[in-house]
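First listed ligand is number 1; within each ligand, the first listed atom is number 1. Position 1 is the first residue of the sequence, and the numbers go up from there.
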Amino acid sequence: MAQAPSVGLHTLADFPVGVAVPIDPWPNSVLQSPQRQALVEQHFSSLTAENGMKMAYLQPEPGQFEFGAADALLAYAKAHGLILHGHALVWHTQAAPWMDAHQGPAGSFTEILDAHIQTVAEHFAGQVHSWDVVNEAFTDDSPSAYRSTIWLDNIGPGYIERAFRLARAADPSAELYYNDYNISGALPAKLERVLAMLDDFLARGVPIDGLGFQVHIDTDSPSLSAMYDAFASAAKRGVKVRISELDIAVNQSEQYRALTPELARLQAERYRQVVQVYLQAVPPAQRGGITLWGLTDGDSWIPGFKQRPDWPLLFDDSFAAKPALAGMANGLRGQP
Ligand code: 9MR
């Protein structure tokens, strides 16, 4: 078994190395877990709330904002010298039950969108390093480029540009990202549609600083060359490129009941390669960083969502480092 680095992962990078964490009141909240805090403080320089800064939790009832749990995360981050990445101002999932049920004239959706972005981005202004302003606005399959959501269906595609303009006005210092999945090599045509939007925004001066590639992948696909092409094509535009939600599943064949040493080795190598591809494709000044989508395998969204056991992250359920941690460290160090 490869040895875990005794130093912190983040010390090996000149860009933020982050992790998504549950906050209160989730049972595995980082704020209630000394073991998770020890890992966070050793290895990471950036935090993202895995769920707690989505609309459903910041505005659980119309016009009622609840910032307590997110403010506690912010205070924890500050106390430990970590930056906070905001996720996400506009998404169709976890928008809140009242929002999903909302009926009304188109104007009322615009008012709700505006008020949410203004209130939230102003609350955290100067405190968060960056925001996912709009998350997952494109479909996986053409020809219908934009995903049909409460926002698209009631406001039209202009809601995306509107969200970026409002976010910049409310918090001029935060870096603003568009964030999506299956764009890091899996679906080149989807990435093309995202890049067309980016080019249009850049040409017209709509404020956008970068693209977030979620990179929920497995040990088989996408290929490293497809991943390189994806990151490089975004970097070519001169914007920041983040790996915003990294995890690497190993049980896509669904035949394993436990993480075998061979799978752990394959996964470690894949983590190393993904980091290397990122370093090769994205010039230093444009590296927005790499964030893992969870700390421990038991915290991961994948087993529940895919309805199978899996072990996609860097630490096991006992908070012990897996070979994947050493793989990622070697990637950051530029070692083979
Ligand atoms: O990890 C999150 C999980 O706990 C939630 O149940 C889920 C709700 O859809 O969202 C997960 O996080 C998602 C992220 O916010 C956006 N990109 C995909 C992530 C994994 O589904």
Side-chain angles (χ1 to χ4, degrees), residues 18-33 36 40 44 46-60 69-70 73 84-97 99-100 116 120 128 130-140 147-151 160 163 176-187 190-191 194 210-218 222 230 241-249 251-252 288-315 317:
V19 63
V21 286
I23 63 174
D24 295 353
W26 276 264
N28 50 352
S29 167
V30 70
L31 299 169
Q32 310 302 331
S33 168
R36 286 181 181 78
V40 163
F44 298 99
S46 168
L47 292 176
T48 304
E50 184 183 5
N51 288 298
M53 288 171 70
K54 296 169 183 173
M55 187 178 185
Y57 307 105
L58 293 185
Q59 193 183 170
L73 180 69
L84 189 61
H85 173 77
H87 174 81
L89 290 170
V90 183
W91 195 23
H92 56 282
T93 303
Q94 293 171 304
M99 187 68 240
D100 293 334
H116 186 76
V120 172
V128 295
S130 45
W131 272 108
D132 290 330
V133 177
V134 176
N135 191 39
E136 301 174 8
F138 287 84
T139 55
D140 276 4
R147 183 188 294 274
S148 164
T149 67
I150 44 168
W151 307 116
I160 304 175
L176 305 181
Y177 283 88
Y178 175 78
N179 192 54
D180 215 327
Y181 65 93
N182 279 347
I183 57 173
S184 58
L187 298 175
K190 182 175 181 181
L191 176 60
V194 173
L211 283 192
F213 291 79
Q214 295 187 7
V215 191
H216 297 294
I217 60 171
D218 61 40
V241 176
R242 286 183 87 230
I243 296 184
S244 55
E245 307 186 10
L246 178 59
D247 45 35
I248 303 181
N251 197 15
Q252 57 276 17
I290 302 181
T291 278
L292 277 299
W293 204 244
L295 265 173
T296 70
D297 287 337
D299 290 342
S300 172
W301 66 288
I302 289 179
F305 185 80
K306 307 260 185 190
Q307 293 291 297
R308 66 168 198 243
D310 213 313
W311 308 273
L313 294 170
L314 303 185
F315 301 95
D317 293 353

Would you give the length of the straight line joining atom [atom1] of [X] to atom [atom2] of [Y], rounded to the nearest 0.5 angstrom?
| X | Y | atom1 | atom2 | result |
| --- | --- | --- | --- | --- |
| Leu313 | Asp317 | CG | CG | 10.0 Å |
| Met53 | Leu47 | CE | CG | 11.0 Å |
| Leu314 | Leu246 | CG | CG | 7.5 Å |
| Gln214 | Thr291 | CD | OG1 | 12.0 Å |

Problem - Candidate list Val90, Asp180, Leu89, Leu176, test side chain to side chain contact (heavy atoms under 4.5 Å, CB included), partner Val134, passing option - result: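 Between Val134 and the candidates, side chain to side chain contact (heavy atoms under 4.5 Å, CB included) is satisfied uniquely by Val90.
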Which of the numbered atoms in ligand 1 are under 4.0 angstrom from any heavy atom belonging to [X]?
| X | result |
| --- | --- |
| Glu136 | 16 (C), 17 (N), 18 (C) |
| Gln214 | 17 (N), 18 (C) |
| His216 | 18 (C), 19 (C) |

Exercise for the section: Starting from atom 14 (C) of ligand 1, locate the nearest protein heavy atom and write down its residue, its atom name and how far away it is, to 0.1 Å. Expected result: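 Ranked first by proximity to atom 14 (C) of ligand 1 is His87 NE2, 3.4 Å.
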Problem - Heavy-atom nearest neighbour in the protein, as seen from atom 1 (O) of ligand 1, with distance rounded to 0.1 Å - result: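 Sorting protein heavy atoms by distance from atom 1 (O) of ligand 1 puts Glu50 OE2, 2.5 Å first.
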Exercise for the section: Determine yes or no for a side-chain-to-main-chain donor-acceptor pair under 3.5 angstrom, with Arg36 supplying the side chain and Leu295 the backbone. Expected result: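 Here the side-chain-to-backbone pair does not exist.
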Handout entry: Glu136 backbone acceptor or donor facing Arg147 side chain under 3.5 Å
Key =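 Yes, Arg147 side chain to Glu136 backbone: donor-acceptor pair under 3.5 Å.
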Within-cut-off N or O pair, [X] and ligand 1, under 3.5 Å:
| X | value |
| --- | --- |
| Asn135 | no |
| Trp293 | yes |
| Thr93 | no |

Practice task
From the options Asn51, Thr48, Asp132, select the one whose nearest heavy atom is closest to atom 6 (O) of ligand 1.
Solution key: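 Going through Asn51, Thr48, Asp132 one by one, Asn51 has the nearest heavy atom to atom 6 (O) of ligand 1.
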Problem - Options His92, Glu245, Lys54, ranked by nearest heavy atom to atom 11 (C) of ligand 1, top entry - result: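 Minimum heavy-atom distance to atom 11 (C) of ligand 1 goes to Lys54.
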Exercise for the section: For ligand 1, note which part of Tyr181 has a heavy atom under 4.0 Å away: side chain, backbone, both or neither. Expected result: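 Answer for Tyr181: neither.
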Practice task
Run the contact test for Phe305 against ligand 1 with a 4.0 Å cut-off on heavy atoms, strictly below, and give the result.
Solution key: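 Per 4.0 Å heavy-atom rule, Phe305 does not contact ligand 1.
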Problem - Close aromatic pair by centroid cut-off 6.0 Å: Trp293 and Tyr181 - result: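 Centroid separation for Trp293 and Tyr181: 6.0 Å or greater.
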